[in-house]
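Have a look at the structure below, then the notes.
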2 protein chains.
Amino acid sequence: MAMTGGEYVLKSAAAHSIGVCFANPGTTEMALVDALDATPQVRGVLGLFEGVCTGMADGYARMTGKPALTMLHLGVGLGNGIANLHNARRAYSPIVNLVGDHPQEHLPYDAPLTSDIATMAAPVSDWVGAGGRVAALPEAFRHAADSAGQRPGGIATLILPADVMAADVGELGEPEAREVRRRPVDAGAVERVAKIVAEKRGAGLLLGGTALLRESLKQLEAVARKTGAQLLAEPFPARMDRGAGLPDLIRLPYFPEAVLERLQGFDTLVLVGAKPPVSFFKYPGYPSSLVPESCRVETLCAPDEDAAAYAAALAEALGAAGGNGGSTGPERPDAPSGALTTKSLGQAVAAALPEHAIIADESATSGGPAYHLTKQGPAHSAMYLTGGGIGMGLPAATGAAVACPDRPVLALQADGGGMYTLQALWTQAREGLNVTNVILVNRKYQILQVEHGRASQSGMGETARGLTELRDPELDWCALAQGMGVAPRRPQSAEGLHTALKNSLEEPGPSLIEVVLE
Amino acid sequence: MAMTGGEYVLKSAAAHSIGVCFANPGTTEMALVDALDATPQVRGVLGLFEGVCTGMADGYARMTGKPALTMLHLGVGLGNGIANLHNARRAYSPIVNLVGDHPQEHLPYDAPLTSDIATMAAPVSDWVGAGGRVAALPEAFRHAADSAGQRPGGIATLILPADVMAADVGELGEPEAREVRRRPVDAGAVERVAKIVAEKRGAGLLLGGTALLRESLKQLEAVARKTGAQLLAEPFPARMDRGAGLPDLIRLPYFPEAVLERLQGFDTLVLVGAKPPVSFFKYPGYPSSLVPESCRVETLCAPDEDAAAYAAALAEALGAAGGNGGSTGPERPDAPSGALTTKSLGQAVAAALPEHAIIADESATSGGPAYHLTKQGPAHSAMYLTGGGIGMGLPAATGAAVACPDRPVLALQADGGGMYTLQALWTQAREGLNVTNVILVNRKYQILQVEHGRASQSGMGETARGLTELRDPELDWCALAQGMGVAPRRPQSAEGLHTALKNSLEEPGPSLIEVVLE
């Protein structure tokens, strides 16, 4: 049966239960684009910029645990997607990047769009390979799927020459359904750590990755109840399930002195899918490692292992399975009134948040109250800026909405980072996704002003300050939303914000709420 | 005297006559940002996305021949700038990227924003180096300046750890003014090629790089008049001076069969700063090399050499100096009337174009008539999509306006590529730049539909077509412009477009004209 290389790749994806491709194709990817019509199991979602595509794939992966494809145009398309691939990699999100390339015979001629794709991909990929010949396609895709499809996942970048994608590869036969083999849980580690946790009452369990999903949190809460251990979360979880019915854990803060203070008093810190705490940036007078000297670090499992499986095994080993999560129903603050501040924003979000919502949190310096006030709210999931590269929030919210069409998505997006990948709004409109984009407008890169204050006794000079301010002109986010077909709202008070949030979250389709903070 | 590493770097830039820094800084670059206040010789220009910063640096370099700095935040910031660095590199634009990094001692801790910056930079850099220690700064900057400051230029990426930038480096002393040493013209090559051009009447001179600037074009026109040679231009020049007083040369077309047809009949092709013609993409049945078999290729100078100097030397060797360019005054079409089409757009542009304007041309499939109708218009300069990575137009127009405040800038920007780096509009507004952004709206990635038609007998499937269409919803470019503080216009007819163009080009500050093509 005739089948193009592009069809073979997409059918291989389908055989690995990969069902979405976030795409911005070019000429070298046309056979892959054509293949979408022949492979209805893979849904093509268009992004108007590759950084939107990779960020959508990240959000999709965080909410499903499953890889999505991206389709990127040569080195330049990959380049545009790099920052959100960095974020995805730091979040251990499974992604298979399909990057088109010139036919190999064309590469020596150094045509304008030729570049060293493999080298460019390396810093943001766990695996880079090429389907440079028809015969190599099956194994190349299997490698890519295996690299991406671990739990937690990795970034696989598969470079696909245009001629191979257009070739008839009927001789390869239909790709067969296939499961990715996963590394088993190390029973010895579980036994060893269970003993430590049981003996050392009051150990800290620092959770990362899938240990922060609902089932694991319930199991680990039972462990904590039984052993006196305390649950902590890494500072920027890829995804953390939260709210009613889940334990109130301590999420590690951003600045080193605050982390050290939080960890003071723990004599044992057990890593469950988290890395040992390190300072986000290096500051004079503070160490890079934020483990207090008196604290011993034990590893149940590393961030690249299946933390949820280890959490379940630990609970079982301690006879602590069957925890109920420990807390009662949701508590909501009253709807706020008065001025628009980070506090009234937090109240409005907590008062309006629907059950099972997803929050894409790139709120930067404006999100503290919203974070704290939703802690005991209705059950929800939240994604944070794991890799630190701004511009993740709107695309990740979009990808999460593709992943979970039944869950309302709330993006809490600081204005500076929002401008990086604002094109995501258009995809939301095109796909009719239920995303409420709350833009937190302080008209500055506030974190830089905060960091400057920490680093320097003297104030900022006029030029330096100018480079951290988004003024002259002010951005009009409502107009930007309208430009991309998304309905905008600009409430003038906390009451108005609360109403806008409730309405936006209930209505189908995307909306944008511009919140100009005092 | 106390001086920070950041001040040393910016003063080194000033000592190399580098006067602008296109910046989007983060925490690791704060000492560099502070240094701008201490170094008023270097103007900081903020872009709201790093791809805008690198594209602005490219446009600036194309118009001045001088390097600008970029200031980028770690690997993620560099990543966002990669596509336009690819374009800049293909255009031989001189740029010095300053990329902040963590202090070296912090790198082993693998903090969230840590990445392999040097590897990521390699595919888009002619030189990558690090100012990892205070003592290494002077030589590192000299290397960077030498790599960038050749004529034509290169991309130098200098990785600067935050602690070195914040350190007191007073012991280094003030950087001294310094000229970059440039490679001399190879007199032997000039003599050899002069002989060939003189003997072989009717040779083709394929011009690239600085051979396409005004003075060189006049000299080469004299060569052509004297020897019967014909002038050709590479298909996507970094900058080409055009219009009245300059020769009417043949710019090579895009598709291979058209290039081969153009070059048929030449038995000698002399490369003057151009590469041998190659197919932009590889198509079955067409070769990669587009030099006809009967044609001999001779090289006066390669693209990484100073083509303007070679052009002058060639003219002198042939006793052909002092050409007047050969053509007479500007010819303008009448202002058009009727519907908005690529033809009436071209007429309106040609009728309204002011003397000494700069055109940033990323018009893709909509720009043919505008190109041809401005050929004999008033003298102007035009920049094209040399590297093929879309999203260059609006940033390059912005950088060109920073470079040439006395010249009106006209961006002819296709809608698909325009969405890649639309944040450039905000920088135009903030800096009060006289840029007229004409958005050519056909609501599709039309080139993909054209390429699909070439590649396939059958029509596009519904899904494939959907991935090449910018519909549902339609973009509202006027709203997008308003969102970034740029005055929008949406003419409904060719007359209205002509008026809008005249007004926009005359008014100070930026504007955007949305042209919905029939």
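Numbered from 1 within each chain, the chains take letters A, B, ... in sequence-line order.
Contact of B/D34 with chain A is made through backbone and side chain together, with heavy-atom distances under 4.5 Å. B/Y420 touches chain A through backbone and side chain together, each having a heavy atom under 4.5 Å away. In this structure, the portions of B/T114 lying under 4.5 Å from any heavy atom of chain A include both its backbone and its side chain. Of the atoms belonging to A/W426, heavy atoms from both backbone and side chain fall under 4.5 Å from chain B. Both the backbone and the side chain of B/A429 come within contact range of chain A, with heavy atoms under 4.5 Å apart. In this structure, no portion of B/L85 lies under 4.5 Å from any heavy atom of chain A. For B/I82, the part lying near chain A is the side chain, with the backbone staying farther off; criterion is any non-hydrogen pair under 4.5 Å. Only the side chain of A/Y445 comes within less than 4.5 Å of a heavy atom of chain B; its backbone N, CA, C and O stay farther away.
Side chains of A/H106 and B/S288: a donor-acceptor N/O pair is present below 3.5 angstrom, by distance only.
Interatomic distance, CD of B/E514 versus CD1 of B/I439, reported as 8.0 Å (0.5 Å rounding). Going from atom CZ of A/F49 over to atom CG of B/L422 covers 10.0 Å, rounded to the nearest 0.5 Å. In this structure, the separation between OG on B/S279 and NE2 on A/H102 is 9.0 Å, given to the nearest 0.5 Å. For the atom pair A/L46 CG and B/T463 OG1, the distance stands at 12.0 Å (nearest 0.5 Å).
Looking only at side-chain heavy atoms (C-beta outward), B/F22 and B/T54 stay at 4.5 Å or farther from each other. A 4.5 Å side-chain heavy-atom check between A/D101 and A/T28 finds every atom pair outside the cut-off. B/V33 is not listed as a side-chain neighbour of A/H452, based on a closest heavy-atom distance of 4.5 Å or more. A/N87 is listed as a side-chain neighbour of A/L385, based on a closest heavy-atom distance under 4.5 Å.
In terms of non-hydrogen atom pairs under 4.5 Å with chain A, the most contact-rich of B/G26, B/P287, B/P276, B/A162 is B/G26. Considering only heavy-atom pairs separated by less than 4.5 Å from chain B, the leading option among A/L467, A/L470, A/L36 is A/L467. Comparing B/G75, B/G466, B/C478, B/P284 by how many heavy-atom pairs each has under 4.5 Å with chain A, the most go to B/G466. Ranked by non-hydrogen atom pairs under 4.5 Å with chain B, the options A/Q423, A/Q482, A/E462 are led by A/Q423. Your options are A/V486, A/V278, A/L113, and the one with the most heavy-atom pairs under 4.5 Å with chain B is A/L113. Annotation: maximal heavy-atom pairing with chain B below 4.5 Å, among A/P40, A/G416, A/A481, A/A479, occurs at A/A479. Considering only heavy-atom pairs separated by less than 4.5 Å from chain B, the leading option among A/M419, A/E451, A/R90, A/E105 is A/R90. Of the listed residues B/M30, B/R430, B/E29, the one with more heavy-atom pairs under 4.5 angstrom with chain A than any other is B/R430. In terms of heavy-atom pairs under 4.5 angstrom with chain B, the leader among A/E474, A/R471, A/M460, A/H73 is A/R471. Chain A forms the most heavy-atom pairs under 4.5 Å with one residue out of B/A111, B/G485, B/P103, and that residue is B/A111. Ranked by non-hydrogen atom pairs under 4.5 Å with chain A, the options B/N80, B/V124, B/D163, B/L32 are led by B/N80. Comparing B/P112, B/A38, B/A23 by how many heavy-atom pairs each has under 4.5 Å with chain A, the most go to B/P112.
Without hydrogens or angle criteria, A/T4 side chain to A/E7 main chain gives a donor-acceptor distance under 3.5 Å.
A salt bridge links A/K275 to B/D110: at least one charged side-chain nitrogen sits closer than 4.0 Å to a carboxylate oxygen.
Proximity of the aromatic rings of B/F255 and B/Y286 is defined here by a centroid distance below 6.0 angstrom, and this criterion is not met.
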